[in-house]
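Note that the numbering runs from 1 along the sequence shown for the chain.
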Amino acid sequence: MQLRYNYRAYPDAAQRRALASAFGCARVVWNDCLRDRRQAHAAGLPYVTSAELSRLRITQAKRTEERAWLADVSAVVLQQSLRDLDTAYKNFFDSLKGKRQGRKAGPPRYKSKKDTRQSIRLNTNAFCLQEDGTVYVAKVGSLKVTWSRRLPAPPTSVTVTKDSCGRYFLSFVVDTEPDILPELQTDAGIDLGLSAFAVLSDGRKIDSPRFLRRAEKKLKRLQRELSRKQKGSKNRARARIKVARQHARVADRRRDFHHKASTQIIRDNQAVYVEDLAVSGLGRTRLAKSVHDAGWSAFVGMLQYKAALHGRTFTKVDRTFPSSQVCSACGFRDGPKPLHVREWTCGACGTVHDRDHNAARNVLFEGRRIVAAGRAETPNASWSAGKTRTRVPAQRVEAGSPRKGQPTQAAIPGLQAREHVNAGRPGTR
């Protein structure tokens, strides 16, 4: 199982210049190789192989006067940039063929030095962890790193990233064993919303922090100051960094909240069921700012990979399931209700329902039904359960929506829970 560990890095002035050069060289190799493939496609020529691109755009390009500066950075950086381009093309082709679930991946695009995020990726040949706590990166130097937690195993690769506000991060990919938690008898259905971030089927509510809404007053002031600065001036560059830092604070707080809430839910329940929301569609309505502020997709993605990491069962309930229309007490479908109706009375049994709590209970029942219909995907369900493993990717991006009518499940079947679990083990958040 692969996990990704992120740490803040603090390069000095010379190292920042070296990293900027590495970012630029990786970007140039990406753009040159992408241009060759696009031109070959437009001319009706065969697909240009990676070996040919490596020879033309890396090996031979270093010997030319125009691209001689490519030799100033590690060759691993350039090769990994080409491999990342191959991965982008593979995702695009898999989407066209229907082999890739979730949102369709578009063709690779050119990179710009004005992009808000610059990054390079290196394998073990180009970096190493030193005894003094620094990380040596080839042709950059020893980077000072703040180790917020220990790595559980030697890393297999590292990505050096610079974000929009000038912060540097090291992201290590580590192969680890699943951390199976003791088996519980509880499960939970979750209804995600805006007034309350999440309502669980047992009645618990997680309030919505609304991090962006709370920071809007300061963001508006900083945006006004930025708009008054002359374009291209140093004052405008400084004002832009202030705006980016404020947005980064909002994103960091939201991510920390998601990690804490998802970890607590996974630790407290053996099975977790959540409704598959059409976040991209809701993001185009009048509720767009509140929907993006809640970050439902990132939260559901965390629930999914943590369930696989800790041996829990995770199931998505199809978005067409009428969780807000069905009475969780008698099963009577009482019809659709506008959003302002937060409580309603069942027309069949007379039960008074809180809208969100009733929806969470219905998600729980539907999730149980989905799992019961596919018992081979749940832990210790049959003789073949131990032969199926769920792969957890290192890249924790927003989870894509499955195909319509096909719920997704994630669990680690066939593994026995350990007696002692270290609740503070790194990598569980």
Side-chain angles (χ1 to χ4, degrees), residues 4-38 48-90 108-130 132-146 154-174 237 394-395:
R4 187 176 289 278
Y5 288 72
N6 296 319
Y7 302 92
R8 181 81 179 269
Y10 297 89
D12 56 29
Q15 292 170 345
R16 288 196 295 270
R17 289 193 295 269
L19 286 173
S21 178
F23 295 149
C25 291
R27 181 177 64 250
V28 167
V29 169
W30 171 287
N31 290 340
D32 287 348
C33 296
L34 178 58
R35 186 179 301 107
D36 288 347
R37 284 180 172 170
R38 285 191 174 185
V48 186
T49 64
S50 299
E52 183 68 15
L53 289 175
S54 177
R55 183 179 62 84
L56 291 175
R57 294 305 180 183
I58 298 179
T59 305
Q60 293 184 4
K62 293 179 181 179
R63 302 169 185 168
T64 63
E65 186 176 352
E66 295 179 350
R67 294 285 190 263
W69 35 265
L70 289 176
D72 296 338
V73 303
S74 172
V76 175
V77 172
L78 309 181
Q79 292 291 344
Q80 292 293 340
S81 181
L82 178 55
R83 292 182 182 178
D84 290 341
L85 179 62
D86 293 338
T87 302
Y89 266 107
K90 182 179 182 301
R109 296 180 294 180
Y110 292 112
K111 293 185 177 181
S112 171
K113 62 181 179 180
K114 296 183 180 180
D115 290 341
T116 57
R117 180 180 180 273
Q118 303 284 340
S119 65
I120 56 174
R121 190 161 59 91
L122 308 102
N123 57 23
T124 52
N125 296 328
F127 80 95
C128 66
L129 278 63
Q130 299 180 324
D132 59 355
T134 60
V135 177
Y136 174 77
V137 177
K139 294 194 176 183
V140 174
S142 298
L143 298 177
K144 182 181 177 182
V145 181
T146 299
T156 58
S157 69
V158 64
T159 302
V160 185
T161 306
K162 180 185 177 183
D163 65 6
S164 59
C165 56
R167 300 182 301 177
Y168 291 84
F169 294 92
L170 298 182
S171 180
F172 298 94
V173 175
V174 179
Q395 291 79 8

S.K.: side-chain contact (heavy atoms from CB on, under 4.5 Å), that's the test. Do F23 and V28 meet it? Break it down for me.
M.R.: CA-CA 9 Å; F23 295 149; V28 167; over 6 Å; no
S.K.: Heavy-atom distance under 4.5 Å between the side chains of L129 and V145, does that happen here?
M.R.: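 When only atoms from C-beta onward are counted, V145 and L129 do not touch, as no gap falls below 4.5 Å.
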S.K.: Would the distance check show the side chain of T156 and the main-chain N or O of V173 forming a donor-acceptor pair, the cut-off being under 3.5 Å?
M.R.: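 Checking the backbone N and O of V173 against the side chain of T156, a donor-acceptor pair under 3.5 Å is found.
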S.K.: Are the side chains of C33 and V29 in touch, meaning some heavy atoms are under 4.5 Å apart?
M.R.: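 Yes. Closest side-chain heavy atoms under 4.5 Å.
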S.K.: Cation-pi check, R8 to Y168: give yes when NZ or CZ is under 6.0 Å from the six-membered ring centre and within 45° of the ring axis, no otherwise.
M.R.: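 Verdict for Y168: no cation-pi partner in R8.
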S.K.: Quick one, V160 with L170, criterion side-chain contact (heavy atoms from CB on, under 4.5 Å). Give me CA distance, side-chain angles, the key distance, then yes/no.
M.R.: CA-CA 5 Å; V160 185; L170 298 182; 3.5 Å; yes
S.K.: Side chains of Q130 and V135, heavy atoms from C-beta outward: is any pair under 4.5 Å?
M.R.: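 No - every pair of side-chain heavy atoms lies 4.5 Å or more apart.
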S.K.: Give me the atom names and distance for the closest heavy-atom approach of A22 to I120.
M.R.: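 It is O-CG2, 3.6 Å.
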S.K.: Please give me the minimum heavy-atom distance between T64 and A61, naming the atom from each residue.
M.R.: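 Minimum heavy-atom contact is OG1-O, 2.6 Å.
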S.K.: Minimum heavy-atom separation for S54 to Q79, with atom names?
M.R.: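 Result for this residue pair: OG-NE2, 3.0 Å.
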S.K.: Any side-chain heavy atom of T116 within less than 4.5 Å of one from D163?
M.R.: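 Not touching, per the 4.5 Å side-chain cut-off.
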S.K.: Could you tell me whether D115 and R109 have a side-chain N and a carboxylate O separated by less than 4.0 Å?
M.R.: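 Salt bridge between D115 and R109, a charged N being under 4.0 Å from a carboxylate O: no.
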S.K.: Is a side-chain N or O of R37 found less than 3.5 angstrom from the main chain of V48, in a donor-acceptor match?
M.R.: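 Yes, the answer is positive, given that a donor and an acceptor are paired below the 3.5 Å cut-off.
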S.K.: Measuring only between side-chain heavy atoms, which start at C-beta, is K162 closer than 4.5 Å to R117?
M.R.: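 No, side chains not in contact.
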S.K.: How about L78 and K62: do any of their side-chain heavy atoms sit closer than 4.5 Å?
M.R.: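 L78 vs K62: side chains touch.
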S.K.: Whether the side chain of S81 engages the backbone of A26 through a donor-acceptor N/O pair (distance < 3.5 Å, no angle test) should be reported.
M.R.: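 Side chain of S81 to backbone of A26, a donor-acceptor pair under 3.5 Å: yes, one is there.
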S.K.: In Å and rounded to the nearest 0.5 Å, what is the CG to OH distance from L143 to Y10?
M.R.: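 Going from the CG atom of L143 to the OH atom of Y10 covers 12.5 Å.
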S.K.: Are the side chain of K144 and the backbone N or O of D12 linked by a donor-acceptor pair below 3.5 Å?
M.R.: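 No: the side chain of K144 does not pair with the backbone of D12.
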S.K.: What are the two closest heavy atoms between F127 and L122, and how far apart are they?
M.R.: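 Answer, listing the atom of F127 first, then L122: CE2-O, 3.9 Å.
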S.K.: What verdict does the side-chain contact (heavy atoms from CB on, under 4.5 Å) test give for L34 and Y89, after you've listed the backbone C-alpha separation in whole Å, the side-chain angles of each residue and the deciding distance to 0.1 Å?
M.R.: CA-CA 10 Å; L34 178 58; Y89 266 107; 3.2 Å; yes
S.K.: Give, for atom OG of S157 and atom CD of Q80, the distance between the pair rounded to the nearest 0.5 Å.
M.R.: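 Result: 7.5 Å between the selected atoms.
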S.K.: Within the structure provided, determine whether V158 and Y7 are in side-chain contact (heavy-atom separation under 4.5 Å).
M.R.: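 No - every pair of side-chain heavy atoms lies 4.5 Å or more apart.
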S.K.: Working to the nearest 0.5 angstrom, can you tell me the gap between L53 CG and L85 CG?
M.R.: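 If I round to the nearest 0.5 Å, the distance is 7.5 Å.
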S.K.: I'd like to know whether R57 forms a side-chain contact (heavy atoms from CB on, under 4.5 Å) with D36, so could you lay out the CA-CA distance, the side-chain angles of the two residues, the decisive distance to 0.1 Å, and finally the verdict.
M.R.: CA-CA 9 Å; R57 294 305 180 183; D36 288 347; 2.7 Å; yes
S.K.: Please report the closest heavy-atom contact between S50 and L82, naming both atoms and the distance.
M.R.: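 Where S50 meets L82 most closely, the heavy atoms are O-CD2, 3.5 Å.
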S.K.: Is R16 reaching over with its side chain to a backbone N or O of P11, donor-acceptor style, under 3.5 angstrom?
M.R.: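 Between the backbone of P11 and the side chain of R16 there is a qualifying donor-acceptor contact (under 3.5 Å).
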S.K.: Could you name each residue pair satisfying side chain to side chain donor-acceptor pair (under 3.5 Å) that touches residues 20-32, not counting sequence neighbours?
M.R.: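 As it turns out, the side chain to side chain donor-acceptor pair (under 3.5 Å) pairs with a partner in residues 20-32, which skip direct neighbours, are R27-Q118, D32-R35, D32-R67.
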S.K.: Under 3.5 Å, is there a donor-acceptor pair between the R4 and S171 side chains?
M.R.: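 Note: R4 and S171 side chains meet the donor-acceptor criterion.
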